[in-house]
Amino acid sequence: MEILGSKDYVSLSLSRPIGNDSFETLGKLYLPILGSTAMGVYQGLFALAGFSSFCTGEDVVKFLGVSYQQFEDSSKALEALGLLRSYLRQDNSQKVYSLFLYPPLSPQAFLNHFLLSSLLEESLGKETMAKIRKGYSEKGAPKGAEDVSTSFRAYFRKSGWNEELHPLEDQEARKILDLGFDVSALDEELSSRGYSSKMLSPEEKAFLEEVAAFYGYSSATIAQFAAESLSPYKPLGEKLLRPSFLKKCREGMKFSYLRDAPTESALPQEKDELAKKIALMDKTPPARFLSIKQGYHKPAEADLKLVERLRLDLGLPGPCVNAVIDYVLGINDNVLSAPLCEKLAALLVRKKLTNARDAMEALLGSKSPKKKSEPKPVTEDYPDNIQETKKDEEISDEELDALFDNIYSRKDSR
């Protein structure tokens, strides 16, 4: 916003209703970032809009009790955080400002927002941020209680749901309803940058949903990455710069709040260790699972690119991707071999496996091939040539063939 003059006209409007819960969120989450002056300006504009939608610049600063410079600085802070939008038109020599107040994000959307939560953590520190997250965390089911809620399929069975086109188990239908990609978050993020969601093709939106599931990011975070990776002048279907978008997703793994250990209630409760591992693989996004395998640290970029290819290019379901990660790390000295992972992934895709238990059954029955004293090195180039010097990752064609012979011989013996 430009400097407001005393004789300038100001039109105040609410973009949509702002309730009491919004001010609680502002006080707990936005205040440490904005500061008290900007927060007071927001609340003052809200009050002023209630009884005087059109006034002068002098009226505004007098009502708020701030100087013109303080109003300008506060307005810029509010605009940067998406709480205020300012428009200016010139009628001859008269300036007319149109100010629109926006409600804050919900607490969960704020904490899942890539940039806002980072700013809050920077202001308050990790310890206080952890307490805030705990206060807003979703409450789990009571211990020992059984879930007797009505399933999606049971309730909508008479509504013409085509089970042949959508063969979802009740648990999976619930998961989609709870965790599915929120297109409205994408629309809001693009609109805040002057773009329209119509810029993206249905295929690109489906890709965003797949990546959100792969990394375990919220819709708001994925929308933020997508909005920063658009080329509006390219043809429809090519506006999303996928290499740039995926790079932002990989880089986002370094932020601690994106890789926190799951709470005890979120972990699988099976007593058997193998059953617990399979349950974890079924419910954990592949990028998160890879992070768990190395102590909740950010995975190497080359490993993330490899796992991206398994899920997004080969179309291997997430639980099966996790099974491949676990299996290859176990037999290959904790090194993800690109040729081995891709061959195993292709095998599981051809067998049309969709869950971790079936994938592990197909993989655990094979014997680990013995490495020869002088194996023939694989010469295939890795992404960015990051791993090409790792000797532990060199696996000969003979070893790979032996591995698949074991898998197929097990299948034939059944």
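In what follows, every heavy atom counts, from backbone to side chain, and hydrogens, waters and symmetry copies are set aside.
- The backbone N or O of T37 sits nowhere less than 3.5 Å from a side-chain atom of Q70 that would complete a donor-acceptor pair.
- Closest non-hydrogen pair, P32 versus L124, comes out as CB-CD2, 3.8 Å.
- The two residues S244 and S229 come nearest to each other via the heavy atoms OG-OG, 3.6 Å.
- At least one side-chain heavy atom of L45 sits under 4.5 Å from a side-chain heavy atom of L64.
- Contact check for L99 versus V60: no side-chain heavy atoms found under the 4.5 Å cut-off.
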Criterion side-chain contact (heavy atoms from CB on, under 4.5 Å) on Q90 and K95, from CA distance to verdict = CA-CA 5 Å; Q90 199 91 16; K95 289 184 177 180; 3.6 Å; yes
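- Under a 4.0 Å N-O distance rule, the pair K248/E228 qualifies as a salt bridge.
- Y136 pairs by the ring pair (Phe, Tyr, Trp, His ring centres under 6.0 Å) definition with nothing, not counting sequence neighbours.
- For the atom pair SG of C341 and OH of Y327, the computed distance is 11.0 Å after rounding to the nearest 0.5 Å.
- Taking CZ of F110 as the start and CG of L116 as the end, the distance is 5.0 Å to the nearest 0.5 Å.
- To the nearest 0.5 Å, atoms CG (L111) and OG1 (T25) are separated by 9.5 Å.
- Taking CZ from R350 and CG from L316, the interatomic distance works out to 11.5 Å, rounded to the nearest 0.5 Å.
- For the pair Y30 and L105, the tightest heavy-atom approach, listed with the atom from each and the gap, is OH-N, 3.0 Å.
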Check your understanding: Given L83 and L34, is the side-chain contact (heavy atoms from CB on, under 4.5 Å) satisfied, shown in steps?
Key -> CA-CA 11 Å; L83 298 172; L34 284 171; 3.8 Å; yes
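- In this structure, K247 places its NZ atom where only 12 or fewer heavy-atom neighbours from other residues, nucleotides or ligands lie under 6.0 Å away.
- With a 4.5 Å cut-off on side-chain heavy atoms, L4 and E72 do not count as touching.
- Taking the side chain as every heavy atom from C-beta outward, L31 and L26 never approach each other to under 4.5 Å.
- Here the side chain of E238 pairs no donor or acceptor atom with the backbone of P235 at under 3.5 angstrom.
- Counting heavy atoms from C-beta outward, P299 and K293 have side chains that stay 4.5 Å or more apart.
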Could you please spell out the steps behind the side-chain contact (heavy atoms from CB on, under 4.5 Å) verdict for M281 and I278? CA-CA 5 Å; M281 288 190 287; I278 290 175; 4.2 Å; yes
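- The closest side-chain heavy-atom distance from R89 to S98 is below 4.5 Å.
- Note that the CD1 atom of I33 and the CD atom of E122 stand 9.5 Å from one another [nearest 0.5 Å].
- Within the 4.5 Å cutoff, side-chain heavy atoms of Y42 are placed close to those of P104.
- Contact detail for A338 and R309: the closest heavy-atom pair is CB-NH2, 4.1 Å.
- The backbone N or O of P319 lies less than 3.5 Å from no partner atom in the side chain of D282, so there is not a single donor-acceptor pair.
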Query - Verdict with supporting geometry, L12 and L101, side-chain contact (heavy atoms from CB on, under 4.5 Å) - result: CA-CA 8 Å; L12 288 172; L101 282 178; 5.8 Å; no
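- Under a 4.0 Å N-O distance rule, the pair E361/R357 does not qualify as a salt bridge.
- One finds the CZ atom of F23 at 15.0 Å from the NZ atom of K28 (value rounded to the nearest 0.5 Å).
- Note on E209 versus K205: no salt bridge recorded, every NZ/NE/NH1/NH2 to OD/OE distance being 4.0 Å or above.
- A salt bridge between E210 and R242 is absent, with no side-chain N of the basic residue lying under 4.0 Å from a carboxylate O of the acidic one.
- Taking all atoms of both residues into account, the shortest heavy-atom contact from A359 to C320 is CB-SG, 4.0 Å.
- Side-chain atoms of N322 come within 3.5 Å of backbone N or O of T284 as a donor-acceptor pair.
- Between L208 and F225 the shortest side-chain heavy-atom distance does not fall below 4.5 Å.
- Contact record, P103 with S15: CD-OG, 3.8 Å, taken as the closest heavy-atom pair.
- Residue-environment remark: CD (E127) stays at or below the threshold of 12 foreign heavy atoms within 6.0 Å.
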